[in-house]
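Working notes, structure below.
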Amino acid sequence: MFYGITGDKKLVAANQADKNMTYYCPQCKKLLILRQGRHNLPHFAHMRTACLAFSEGETGEHLQGKKFLLAFFAKYYDHVELEAYLSELKQRPDLLVFRKANKNLAVEFQCAPLTYDKLSERSTGYRQQGLAFFWFLGKKNYRLGKRMTQKIAQFLNWSAVRGFYLIYVDVVQKRIEVAYQLQMVDFLPLRYLRWYTSDFLQLRSFFKSYQLTCVPMVLPNDHMHQLRVLQKMRYYSRGEMFSLQKTAYVKQANLDEIIARGLNFIPYSPIYCKALFWWHAQALVVNENVDVKKIAQNFGYQLAFLNSETFILMDICRLFLK
């Protein structure tokens, strides 16, 4: 936490605090420790006691990110409050941005792992209090790799201009990083584009102005990689492939034909915990009708801000119309 109060109730920032003075938590009123080191940003911490208003053990990334976001929003908005306590929710967003023309904005900078249930609970609380909200991500625990994960997918947002996206705070480069046009393709690495800025107005304009940007197309070499992956799976005959082989045998279906028809080289939504090929191939073998709820339950990640069924239906239509 960046602020403490003195014995006479004056609010003092950690970077302006005096080590010879005593400071207390603005909420629980318990004694604080002032930390002003060479490598970390000045901040206060509680002395082994829990406080409902503040989370403890803030990392350097989180402290630096909050400082960056405070300056980022303060350039455009007159009133931005750091660590504002919302008594109705017993929560303290990292920033509260007061906006005249729109709902006030609760800003969270998430660095530590967070469960889907906790993310949904906190976001629902903001919504019920009439607040807009947005979650920025730290790069240490939420860095994108070759595969999407539940930990990251739950933060996905979608824009008609930029597709599926996530927004990071890069505390090293002191900038915002947008990963957008996020897409999956069967048995290929996650596909997306990146864009950077340090200016709030540029970020807002990025999501309002349309500019034709495309993720690189699936090339013949990519398709060959897909086939090699499936060939290897057929050889070892485990898991999903074993189930598909068994079903094809019972139904007397031609597995080569099923794979050729079921393999998808058209990008689709990054909301699935496994390749959509597995559903498509099984559906072709058993002539199964499309059940969006079943697909969401068996194949989809839990999304805190999006209705996965809408995107599943769009993806299924593209599969059958390809």
Side-chain angles (χ1 to χ4, degrees), residues 1-5 11-19 23 25-27 32-47 51 53-86 91-98 104-114 118-119 122-123 126 132-145 151-152 154-155 157 165-180 194-204 206:
M1 56 191 292
F2 284 128
Y3 291 92
I5 56 174
L11 191 67
V12 179
N15 62 352
Q16 298 175 344
D18 184 343
K19 286 187 176 182
Y23 299 95
C25 175
Q27 185 56 36
L32 296 176
I33 302 171
L34 174 62
R35 292 176 175 168
Q36 293 176 323
R38 291 183 178 181
H39 303 292
N40 293 325
L41 289 174
H43 64 282
F44 293 104
H46 286 81
M47 298 182 64
C51 175
F54 287 95
S55 60
E56 296 299 326
E58 285 189 286
T59 63
E61 181 186 32
H62 192 233
L63 290 167
Q64 292 176 58
K66 287 197 297 185
K67 183 178 181 181
F68 170 84
L69 287 171
L70 177 63
F72 182 76
F73 283 99
K75 288 179 182 178
Y76 183 74
Y77 293 102
D78 294 330
H79 189 183
V80 181
E81 192 170 336
L82 188 68
E83 301 170 341
Y85 184 63
L86 305 177
Q91 289 179 209
R92 189 179 290 271
D94 291 320
L95 294 177
L96 187 60
V97 182
F98 294 86
N104 292 338
L105 175 68
V107 176
E108 295 279 12
F109 177 42
Q110 192 62 36
C111 295
L114 186 69
K118 192 66 176 178
L119 172 62
R122 289 167 65 178
S123 299
Y126 291 140
F133 59 90
F134 193 83
W135 295 77
F136 291 85
L137 298 179
K139 298 194 68 177
K140 184 176 180 180
N141 278 308
Y142 292 98
R143 187 186 302 273
L144 283 170
K151 181 175 72 172
I152 299 175
Q154 63 192 8
F155 289 97
N157 276 285
Y165 69 92
L166 300 161
I167 303 185
Y168 294 84
V169 176
D170 186 337
V171 299
V172 176
Q173 300 296 330
K174 294 182 173 56
R175 65 186 183 185
I176 296 294
E177 177 180 315
V178 182
Y180 67 106
R194 292 185 185 274
W195 181 81
Y196 308 93
T197 186
S198 297
D199 182 78
F200 172 78
L201 293 180
Q202 287 182 358
L203 179 63
R204 189 173 68 171
F206 180 74

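Note that the structure is predicted; figures quoted are calculated from it, not measured. Position 1 is the first residue of the sequence, and the numbers go up from there.
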Asn104 side, atom CG; Tyr126 side, atom OH - distance, nearest 0.5 Å:
13.0 Å

Got a second to check how far Thr197's OG1 is from Arg204's CZ, nearest 0.5 Å?
12.5 Å

Is there a side-chain contact (heavy atoms from CB on, under 4.5 Å) between Trp195 and Gln202 once you walk through the steps?
CA-CA 11 Å; Trp195 181 81; Gln202 287 182 358; 4.2 Å; yes

Contact summary for Ala17 and Leu34, nearest pair of heavy atoms:
CB-CD2, 3.7 Å

Please step through side-chain contact (heavy atoms from CB on, under 4.5 Å) for the pair Phe109 and Leu63, ending with a clear verdict.
CA-CA 9 Å; Phe109 177 42; Leu63 290 167; over 6 Å; no

Spacing of CG belonging to Leu105 relative to CZ belonging to Phe133, to within rounding of 0.5 Å
10.0 Å

Going from NZ on Lys75 to CG on Leu70, what distance comes out if it is rounded to the nearest 0.5 angstrom?
11.0 Å

Closest heavy-atom pair and its distance - Pro93, Ala84
CD-O, 3.3 Å

Quick check: closest heavy atoms across Gly4 and Leu32, and the distance to 0.1 Å?
CA-CD1, 4.0 Å

Could you label the plane-to-plane angle of the Phe68 and Phe72 rings as parallel, tilted or perpendicular, counting under 30° as parallel and over 60° as perpendicular?
parallel

Least distance between heavy atoms, Leu144 atom then Ala179 atom
CD1-CB, 3.7 Å

Can you find a pair of side-chain heavy atoms, one from Phe136 and one from Ile176, that are under 4.5 Å apart?
yes

Enclosure of Lys140 NZ (heavy-atom neighbours >12, cutoff 6.0 Å):
no

Inspect the surroundings of NZ in Lys139 and state if more than 12 heavy atoms from other residues, nucleotides or ligands are less than 6.0 Å away.
yes

Kindly determine whether Val107 and Leu96 satisfy side-chain contact (heavy atoms from CB on, under 4.5 Å), including the steps that lead there.
CA-CA 6 Å; Val107 176; Leu96 187 60; over 6 Å; no

Taking every heavy atom of Trp135 against every heavy atom of Ser123, the minimum-distance pair comes out as NE1-OG, 3.1 Å

When rounded to the nearest 0.5 Å, the distance separating CG of Leu137 from CD1 of Ile167 is 9.0 Å

For Glu83, is there an ion pair with Lys66 - N to carboxylate O distance below 4.0 angstrom?
yes

CZ on Arg92 to CG on Leu86, rounded to 0.5 Å
8.5 Å

Contacts of Glu108 meeting salt bridge (Lys or Arg N to Asp or Glu O under 4.0 Å) (sequence neighbours excluded), chain-then-number -> Arg122

Phe206 and Tyr180: aromatic ring centres closer than 6.0 Å?
yes

Between Arg143 and Tyr168, is there a side-chain heavy-atom distance shorter than 4.5 Å?
no

What residues form a side-chain contact (heavy atoms from CB on, under 4.5 Å) with Tyr77, not counting sequence neighbours?
Phe73, Val80, Val97, Arg99, Phe200

Asn157 side chain near Leu166 side chain, heavy-atom distance below 4.5 Å:
no

Holding to side-chain contact (heavy atoms from CB on, under 4.5 Å), I want the full list of residues that pass it with Arg175, two or more places apart in sequence or in another chain.
Asp170, Gln173, Tyr196, Ser198

